[in-house]
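Reviewing the structure listed below.
These figures come from a predicted structure and were not determined experimentally. In what follows, every chain begins at residue 1, and chains take the letters A, B, ... in the order their sequences are listed.
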Number of protein chains: 2
Amino acid sequence: MNDIRPIRATSGTNHEGTSAHNRRVIIDALRLNGALSRADLARATRLTKQTVSNIMEELENDGLVISRETVRRGRGQPSTPYGLVPEGAFAIGLQIDRHITRAIAVDLVGNVLIRKEANLPAGGPATGTPVVLQLVESVRSELKQRTAQAEKRLVGLGVAMPGPFGIEQDTDDNPWMMGPWQRFPLLETLAAGTGLNVTLQNDAAACATAERMVGAAHGLDHAVCLYVGYGIGAGLILGGELYSGARGNAGEIGMALLTAGGRLTQLEHRASLASLYEHLGVDPMAPDIYSLIDKRSAADDPEIVAWIEKAAIDLRWAVHLIETVFDPQTVILCGGAPAALATRLIDAMQPLLPSNADRTDRPLPRLQLGMTDPWAVARGAAVEPIGHAFDPRFSAILKS
Amino acid sequence: MNDIRPIRATSGTNHEGTSAHNRRVIIDALRLNGALSRADLARATRLTKQTVSNIMEELENDGLVISRETVRRGRGQPSTPYGLVPEGAFAIGLQIDRHITRAIAVDLVGNVLIRKEANLPAGGPATGTPVVLQLVESVRSELKQRTAQAEKRLVGLGVAMPGPFGIEQDTDDNPWMMGPWQRFPLLETLAAGTGLNVTLQNDAAACATAERMVGAAHGLDHAVCLYVGYGIGAGLILGGELYSGARGNAGEIGMALLTAGGRLTQLEHRASLASLYEHLGVDPMAPDIYSLIDKRSAADDPEIVAWIEKAAIDLRWAVHLIETVFDPQTVILCGGAPAALATRLIDAMQPLLPSNADRTDRPLPRLQLGMTDPWAVARGAAVEPIGHAFDPRFSAILKS
DNA sequence: CAAATTAGTCAAGACAATTGACTTAAAAGA
DNA sequence: TCTTTTAAGTCAATTGTCTTGACTAATTTG
């Protein structure tokens, strides 16, 4: 009699959804264009002057925007531009990597305020969680000291770590694979340990988040970040939002199979930093490995040059694949590779393979260099809660 | 003085946006769940009973929904389910293929009402456009005859043709490539010739649109349709919407490069129907080619079996790639391949390659069979304007 | 036959965007 | 210099849409 089939539906919306969206739209416009007057905002967002005025007053009271010097732009009353207040919101980002963890505090506009790191003991989450929690706490208390308002303006904790998530067993016996962390209920543990909203993304997604808010993908709706780190991944900005797939594993392009030397292998076995370390015979755990690689790259070390030549072939294929499959406005190379290595890699990848993206009327280059420093992932993690709280999103309109 | 830099911003919304969204949400819920009572709808959409009642009254007046027999479900007043009225809206779909064009009329729930086809003369758009326009006109007038209201309830004309769009020159000299059509201002011409709203998508996207509204992807938010036709493509349902990339070319997976026999080649050179025709030495233009292939497949013709074995290797790789890159809930094989061939292909592709999607807790199979008949693409084209007009979308909320 | 439960309506209220008239301030032109 | 034009921004009333709480209606349970 009682058929309790679940009814599936999209959520409806109401006045608050409308209002929330319009606030987000205005904040987004200020982030994208810098300071704008109320009249400018009204034109850009297609809202009425009056609506914009009301929202701006609210945002000003909330400490999210502030007026600047009036400017005269020809006839008519001078306009009063409003800009985002950096101290209007804060977020903390946490990167969990194989043997190290990094935490960053950022403000509303994405400035990095604090950065701290700690070594992760072997032993996975059991021994690692206390270290991680302490690191976050340390950043949080320093932030509190700096800015009185910071604590109540803290919108969340973003976490980034290598994917893929939720796989049932490691495909690899490498002790530095992240399996134990990936199977651990990290979100719940960190939420309980900090009392903050916690979100999780993989390294490549974190880089894409950072590039979109403060980097080369700023203002782009379709961009893919080719992340070259210990593994390889793609961070996907599709239709203006980060896309992470049904289970958070979209973009794990490093696991894509290619035929090389007559056998099927994974992209990241051939072109990642892991493969470079192996090629060089260095220990991936060495603490100064980043600067070591950077220096040797800058000096055009022959072993590194040889690896670059080889890796460039596979990365060129990866760019072709990304262009073919996603049709983005641009591809951004980013991630944990030292800058000197990354620039050389990009050079070695030229010319790119012919593809649909190869057209003369492009406003943007097919491949460009994004953030490449060891803090890029942590920064992306930090910036995610800011975007989540303040950027226009479909789901932000719907009723909870 | 006048710096006229363009200001970029997302559009704001207002009461009408809210209302439009809620209407769409309700229609979507009815499409997804079948007939529902007002109370059910209120629970499912999180709107209040009253709001739902108001909207339902409107929709009933607009002829989009109608009440069914009341049903008693335990205690309390019996509920009155409402269902979509098929005759509430109509759309026409047009497929333009290499040597044939097909047109279909569908109603609000995606029923196919009329189907007609015509041969396309060689010579591209110059000679083809009149044929196409006449075919559409013929379907339209038959629809008008059948249903008096059809004309004013016609929401648009959806067009599908092989991609990629906007490339500057053919990579291929094949006379059956669609270059001339792809460079022709088709949308504008058809809009002018019919007075309808016209939209364009590629074959794979059209199949995905159809699968989402009336097929295997019904109700799924993350699904990829692996289209195997004359070419190969992927139709992408990402986050509940069709994704087409920055220039409409997302999912052109047939152009992905793979190494086979020691050299880099495109997927669709190895596993498409074009490759089958070549393998069999048959003329792709033969009018009865579809049923020919269907019959020979059903009879397990050794030449076809040989091709299947070979193609399955590459398609298996394609599924792996799709799973790795998009992390969908399921992959759906669909498109112009005859049913007998498609089922054999799916069988030959088992077991699939290990991937992130290969987990025991899957609610859906990794690979399943979708629509495979010569009308699938046209049906997808037809269904697109319906979805565009009635499905919940972010952009439908924003001010025009 | 009364109580409980669920569907659905009515009418008033709340919320947020819109409208049109108004004020303010500057540049351009006579 | 003075008037006109133009643009930014505010005020107050209005409109559109969802929400609230009380109500009616119809059915099952005990």
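- Annotation: side chain of B:V85 is not in contact with side chain of B:L64 (no heavy-atom distance under 4.5 Å).
- Both A:Q50 and A:R75 lie close to DNA chain C; mapped to their nearest nucleotides by heavy-atom distance, the more 5′-ward contact belongs to A:Q50.
- When every heavy atom of A:A208 is checked against every heavy atom of A:L242, the shortest pair comes out as CB-CD1, 4.0 Å.
- Listed pair B:N22 / D:dT17 fails the phosphate criterion, with no side-chain N or O lying under 4.0 Å from OP1 or OP2.
- The side chain of B:K49 contributes no N or O atom lying less than 4.0 Å from OP1 or OP2 of D:dT24.
- Side chain of A:Q77, nearest nucleotide from C:dC15, D:dA8, D:dT20: D:dA8.
- A perpendicular orientation is assigned to the rings of B:H15 and A:H15, their planes being inclined by more than 60° (bins at 30° and 60°).
- Rounded to whole Å, atom C1' of D:dG9 lies 14 Å from atom CD of A:E60.
- B:R43 comes within contact range of the sugar-phosphate backbone alone, with a heavy-atom separation under 4.0 Å but no base atom that close.
- In the set C:dT18, C:dA26, D:dA8, the nucleotide with an atom closest to the side chain of A:T48 is C:dT18.
- Each of B:T80 and A:S19 was matched to the nucleotide of DNA chain C holding its nearest heavy atom; the match closer to the 5' end belongs to B:T80.
- Contact annotation: B:N14 side-chain N/O to C:dT18 OP1/OP2 distance is under 4.0 Å.
- At the phosphate of D:dT10, OP1 or OP2 sits under 4.0 Å from a side-chain N or O atom of A:R38.
- The distance between atom CZ of B:R68 and atom P of C:dA7, rounded to the nearest whole Å, is 18 Å.
- Annotation: side chain of B:E151 is in contact with side chain of B:L154 (closest heavy-atom distance under 4.5 Å).
- Of all nucleotides listed (D:dT19, C:dA17, C:dG8), D:dT19 comes nearest to the side chain of B:L47.
- Distance from the side chain of B:R73 is smallest for C:dA7 among the nucleotides C:dT18, C:dT9, C:dA7.
- Distances shorter than 4.0 Å separate none of the side-chain N or O atoms of B:S53 from OP1 or OP2 on C:dG8.
- For a distance-only test at 3.5 Å, the side chain of B:H15 fails to qualify as a donor-acceptor partner of the base of C:dA17.
- The closest side-chain donor-acceptor pair between A:T199 and A:E384 falls under 3.5 angstrom.
- Backbone-only contact: B:S79 has heavy atoms under 4.0 Å from sugar-phosphate atoms and none from a base.
- The CG atom of B:N54 sits 10 Å away from the P atom of D:dT19 (whole-angstrom rounding).
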